[in-house]
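Quick caveat, the model's predicted, so the values are computed rather than measured. Count residues from 1 along the sequence. Whatever order the structure lists them in is the order used to number ligands and atoms, beginning at 1. Note that these values count all heavy atoms, side chains included, but never hydrogens, waters or copies made by symmetry.
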Amino acid sequence: MSINLSELTIATARRHLANGDFTAVELAQSYLAEIEKKNKNLNAYREVFDDVLEQAKGADKKLPNFRTSKLPNLCGIPIALKDVIMLAGKRAGACSKILEGYVSPYDATAVSKLKVAGAIFLGRTNMDEFAMGSSTENYAYGVTKNPFDESRVAGGSSGGSAAAVAGNMSLAALGSDTGGSVRQPASLCGVVGLKPTYGSVSRFGLMAMSSSLDVIGPFTKTVEDAELLFDAIKGKDPMDSTSVEVSSSKLQVKSLRIGIPTMIRETEGIDPDVRKNFEDCLKQFRDAGHTVKEIELPTMHYALPVYYVIMPAEVSTNLARFDGVKYGLHVSGKNLLEDYVQTRGTGFGMEARRRILLGTYVLSSGYYDAYYAQAVRVRAKIEQELRDVFAGVDCIATPTSPTPAFKIGEKADDPLQMYLADIFTVVANIAGIPAISIPSGTAMREGKQLPLGLQLMAAHGREDVLFEAGKEFEKLRDNRGGV
Ligand code: GLN
């Protein structure tokens, strides 16, 4: 059987593999051929592993066991990993020069769970250095291009993972989301991206950016696939004391109650095509009998400023460990202090340095109360407001990104413009709640159709709401003639 990669999903691939329509080796070969064709241009992968076919052969042997097993079954399913998730024995570097030559000593918990489920790993994908960015341009080794228009960014920071799935160079991928890094690139590349509840996926083996915000999340073609992948990687983990078990309840309601923050009406800088597409999405929900109502979240517009205090504070402490002594790059100076200065000065790129400085400043005595402590208080208020709102709605909808994919270089020299890309996504990280981006349509630019995304957020631990509402949205969208 010939394999049509652009139509394949994890769900259909599992059936074909189980029926013997194709083998895991044949599937892996198809993806490797696609990578060979496209990656030079798109630069989605930083490294394609040299043992993919061996892994696939192993999966073919294991396939019969999975037919009767109760284990999550991703046997033979090819997955790409963001360069910030550890796979034992492979290089991992957060796309930073400071980790040059570093080899993962162990598997991330999400990776060991995927191994148990039988998945195979194609390679590690490009990203902004240490996951700081919205365009995969803050990266020492070249920019990742958008498969829909190569003059545009793929989003970020997990731009490589998004482009790999959108460009049919992987069936699915993992990324990390600290302020929107799974959802925003998913939106710009026309794939599904899930940011799970904080702690629902273990952070063990995920290189830390901002520990109270980071979470690993899947990129897939459909909401059903996002659910399959999430089910395989979630769960409490003794190696991560902040990990939690999410509820296994399933949303039963026939009619959804969807909240729209009034802030969207007031926010400047939302592209008119994005606004129109968002209105269309709401109309589809309304026409299908769901309730769409405005909600007040008075402190939501502080989420971005709060994020840009808490995140750099945690970045500055997390990145302190990269000093040339234990990990990666070492540049010698005349004494130990100079070793540190030389190594960090050479190893970190511009954005990483900017955030380390910012974080050190907001934590410094004299400024701590004015910035960090204040941001923590506002964060608690945002969390409380959201809890109150979720008593009256099942989910909250927003556009994922205020604009479609922008041009490479367009915002590279303007960090504040770049930070605004996260205006709708950071709130879910600040509150620790789950959120998903689903392809919702396109905007025409210079003769090219650029993908747009709808973001749905749900209460803490209620991924089930996102999956049910997300599948309902896909149905409505596809009945209207697709994206
Ligand atoms: N774009 C955001 C930032 O630059 C989000 C990053 C992320 O989620 N890792 O911080």
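- By the neighbour-count criterion of 12 heavy atoms within 6.0 Å, atom OH of Tyr371 is sparsely surrounded, having that number or fewer from other residues, nucleotides or ligands.
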How far apart are the C-alpha atoms of Glu463 and Lys234, what are their side-chain angles, what is the distance that settles it, and do they pass the salt bridge (Lys or Arg N to Asp or Glu O under 4.0 Å) test? CA-CA 11 Å; Glu463 274 78 0; Lys234 71 180 181 184; over 6 Å; no

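- Look at Met418 and you'll find every heavy atom at least 4.0 Å from all atoms of ligand 1.
- At most 12 heavy atoms of other shown residues, nucleotides or ligands fall within 6.0 angstrom of atom NZ in Lys381.
- Contact annotation: for Glu351 versus ligand 1, there are no heavy atoms closer than 4.0 Å.
- Shortest non-hydrogen contact noted between Phe230 and Pro218 is N-CG, 4.4 Å.
- Looking at ligand 1, you won't find any N or O of Met132 less than 3.5 Å from one of its N or O atoms.
- Taking every heavy atom of Ala131 and a limit of under 4.0 angstrom, the matching atoms of ligand 1 come to 6 (C), 7 (C), 9 (N).
- Considering only heavy atoms from C-beta on, Met300 stays 4.5 Å or farther from Ile382 through its side chain.
- Close contacts between ligand 1 and Gly179 involve ligand atoms 5 (C), 7 (C), 8 (O) [criterion: under 4.0 Å to a heavy atom].
- Other residues, nucleotides and ligands place no more than 12 heavy atoms under 6.0 Å from the CG atom of Asp413.
- Remark: ligand 1 and Gly156 share no N or O pair separated by less than 3.5 Å (distance only, no angle test).
- Looking at Ser170 and Phe219, their side chains never come closer than 4.5 Å, going by heavy atoms from C-beta outward.
- Judged by distance alone, with hydrogens and angles left aside, the side-chain atoms of Thr125 form no donor-acceptor pair with the main-chain N or O of Ala44 at under 3.5 Å.
- Where the criterion is an N or O separation shorter than 3.5 Å, residue side chain and backbone included, Asp422 meets it with respect to ligand 1.
- Neither the backbone nor the side chain of Phe130 comes within 4.0 Å of ligand 1, counting heavy atoms alone.
- Of the protein's non-hydrogen atoms, the one nearest atom 7 (C) of ligand 1 is Ser181 OG, 2.4 Å.
- In summary, of the residues considered (Asn318, Thr178, Ile98), a side chain to side chain contact (heavy atoms under 4.5 Å, CB included) with Phe130 occurs for Ile98 alone.
- Atoms of ligand 1 lying under 4.0 Å from any heavy atom of Ser157, numbered from 1 in the order shown and given with element: 9 (N).
- Under 4.0 Å from ligand 1, the heavy atoms of Tyr307 that appear belong solely to its side chain.
- When non-hydrogen atoms are compared, ligand 1 lies under 4.0 Å from the side chain of Met209 (C-beta onward) but not from its backbone.
- Not close to ligand 1: Tyr419, with no non-hydrogen atom less than 4.0 angstrom away.
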